[in-house]
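Worksheet for the structure shown next.
Both ligands and their constituent atoms are indexed starting at 1 by order of listing. Computed over heavy atoms, backbone and side chain alike; hydrogens, waters and symmetry mates excluded.
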Amino acid sequence: MYKGIAASRGIGIGSIVLIVEHELKYDNKKIEDTAAEKQRFEAAIEKFKTETKEMADDIRKRIGPKEAEILEGHLFMISDPTMSGEMSKMIDAGQCAESAVEAVCDMFYGMFSKMDDEMMRQRASDIADIKVSLLKILLGIEDIDISKVPKGTVLVAKDLTPSMTSQIVKENVAGIITEIGGKTSHSAILARALEIPAVLSVPNITELVKDKDSAIIDGTEGDVYINPDGDILSQYVIKREEFIRKQAELDKFKGKETVTADGTKVELFCNIGTPKDAKKAVECDGEGIGLFRSEFLFMDNNHLPTEEEQFAAYKEAVETMNGKDVIIRTLDIGGDKDIPYLEMKKEDNPFLGYRAVRYCLGNKDKYTIQLRAIMRASAFGKVKIMVPLVTCVDEIRSVKAMVEEIKKDFDSNNIDYDKNIEVGCMIETPSASLIADMLAEESDFFSIGTNDLTQYTMSVDRGNADVAYLYSTFQPSVLRSIKHIIECGVKAGIPVGMCGEAAADPLMIPLLISFGLTEYSVNPVLVLTARCIISKWSKAEADELAAKVLSLKTESEIVAALKAAAKD
Ligand code: PEP
Ligand code: MG
């Protein structure tokens, strides 16, 4: 069995088609007739654009607009005069088209791949994809036609580029295995959109298999079997049926309210990063937006988005949600999220440094722009302001004072906004948890950010693999903290939600029901799963399990007890 990253759920069983990488070799000779070489280069760029556009159009029709955006991004990049202009200059100077393409793409690749932020690093794989496509056109190399693979194919490749994925016919591909790529890589996004099981980052897999080998892939666990024996095969045939049955069961929850087994209604919201994601939230049956990570708007830009630009983005999300709650988290940068044009200082301890609300309160001019844009969007629906990384009462008071100032300005200038707009705290630091009773008196709502709460409570950098064994929301300290926060919110009569990943964890859900959480905010694709799990637990059953779990002293005992009690 080989292990990789579980990137798209489900069980795939089939026969391997290995996508072999062609050697992109060329003769790097000095060019005399630079005009003719430029023509060859320009013809290749035109061919690339036409083919990419056709593929993007096809993806938009077959899969969806969000997925087509990846290829449209390639078109956008190659149309940027900086990139093709640099290539042209090199050809003018006598370099052959292939070497100009390679040199410029490698330069951009190097730049993007060094960035701390995953979204930016993703641009590096776009550049690599563009480079390979352009070189293949220049060298006249034809790839295997993925659109023609037979039913029951398991595709194995070093990386599955968006241009390859765009050719996939969903009915014929049983699974995808790659050597590189993570949960948020383009191949993962597309595999999930196509609902094809995928396991990525399986070391050396392209060297371990050959065409027509049989394969099982478990995209939920990240497991891959090559030429499995009969026993394993029959186990996985059963698992596959079980998975399909469960998916069908989830469909029953479409369009339904989210209620516990004993009839208590809770809210099931979605986490989004862009206004377009709000459409996904609606499609997936989300009942509102519990976390709009507004920093993506800033990270996807080369300048500080203006009040108008931000207003348009927030309004788009709010209008898409059509009167349902939209909780917009104000700029949460610093830590692992850098925005180059803000020129923030390098820090020795960025997670403990000048980040999130601390940065915003130190840069009130920039923060005012964001708060104004959010408050103007509140005229179009039900908007709430959420403040990240709060550690003390002064911070929430300062934000509220700014909101009051803006209200006065809006009133005197007849600018529309929701006069009852709520301002709440993200509770994601041990300090906020310890003073949750005090913060509850100053806030309209709480939302627990378990991703950071776990990091700070356990003193574990959430991105450091060496200490990942300690990074668990099921550690007794983290569970106590979550319970305490919810109890403080409930006592003060304010709604308490959770927008960290734990809100969708089937093992965590019964504990949250017991503690009294009233709003769960999850990745859109997990809405139905969360609704299904919530429907299986009554408060009394959840209380019994929680009492047992809270008496246990170690994370492994807790997880074992929760697994033993799990209902799925
Ligand atoms: C969290 O910390 O739980 C959270 C939801 O925010 P982020 O993951 O964006 O830090
Ligand atoms: Mg956080």
Just by distance, no angles: are the side chains of Asp159 and Thr178 close enough, under 3.5 Å, to form a donor-acceptor pair? no
So which N/O/S atom does Asp452 have closest to the Mg ion (ligand 2)? OD2
Looking only at protein heavy atoms, identify the closest one to atom 7 (P) of ligand 1 and say how far it is in Å. Arg293 NH2, 3.5 Å
Near Arg462 (heavy-atom distance under 4.0 Å), the atoms of ligand 1 are 2 (O), 7 (P), 8 (O), 10 (O)
Which atom of Glu428 is nearest the Mg ion (ligand 2), counting N, O or S only? It is OE1
If you scan protein heavy atoms around atom 6 (O) of ligand 1, the nearest is Arg329 NH1, 2.9 Å
Select one of side chain, backbone, both or neither to describe which atoms of Arg355 lie under 4.0 Å from any atom of ligand 1, heavy atoms only. neither
Leu291 heavy atoms, cut-off 4.0 Å: which ligand 1 atoms fall inside? 5 (C)
Tell me yes or no: between the side chains of Thr274 and Asp277, is some donor less than 3.5 Å from an acceptor? yes
By salt bridge (charged side-chain N to carboxylate O under 4.0 Å, His left out), which residues pair with Glu422, not counting sequence neighbours? Lys384
Enumerate the atoms of ligand 1 whose separation from the nearest heavy atom of Glu428 is less than 4.0 angstrom. 1 (C), 2 (O)
Using a 3.5 Å cut-off on N or O atoms only, is Glu295 in polar contact with ligand 1? no
Does at least one non-hydrogen atom of Glu501 fall below 4.0 angstrom from an atom of ligand 1? no
Restricting to non-hydrogen atoms, name the atom on Ser113 and the atom on Gly110 that form the minimum distance, rounded to 0.1 Å. OG-O, 3.4 Å
Heavy-atom contact under 4.0 Å between Lys337 and ligand 1? yes
Mark up the atoms of ligand 1 that fall under 4.0 Å of a heavy atom belonging to Cys499, in ascending order. 5 (C)
Is there a donor-acceptor contact under 3.5 Å linking the side chains of Thr473 and Thr450? no
Angle class for the Phe311/Phe380 ring planes (parallel below 30°, perpendicular above 60°, tilted otherwise)? tilted
Answer with yes or no whether the side chains of Glu287 and Thr258 bring together a donor and an acceptor at under 3.5 Å. yes
Of the non-hydrogen atoms in Ile396 and Leu439, which two are nearest, and what is the gap between them? CG2-CD2, 4.0 Å
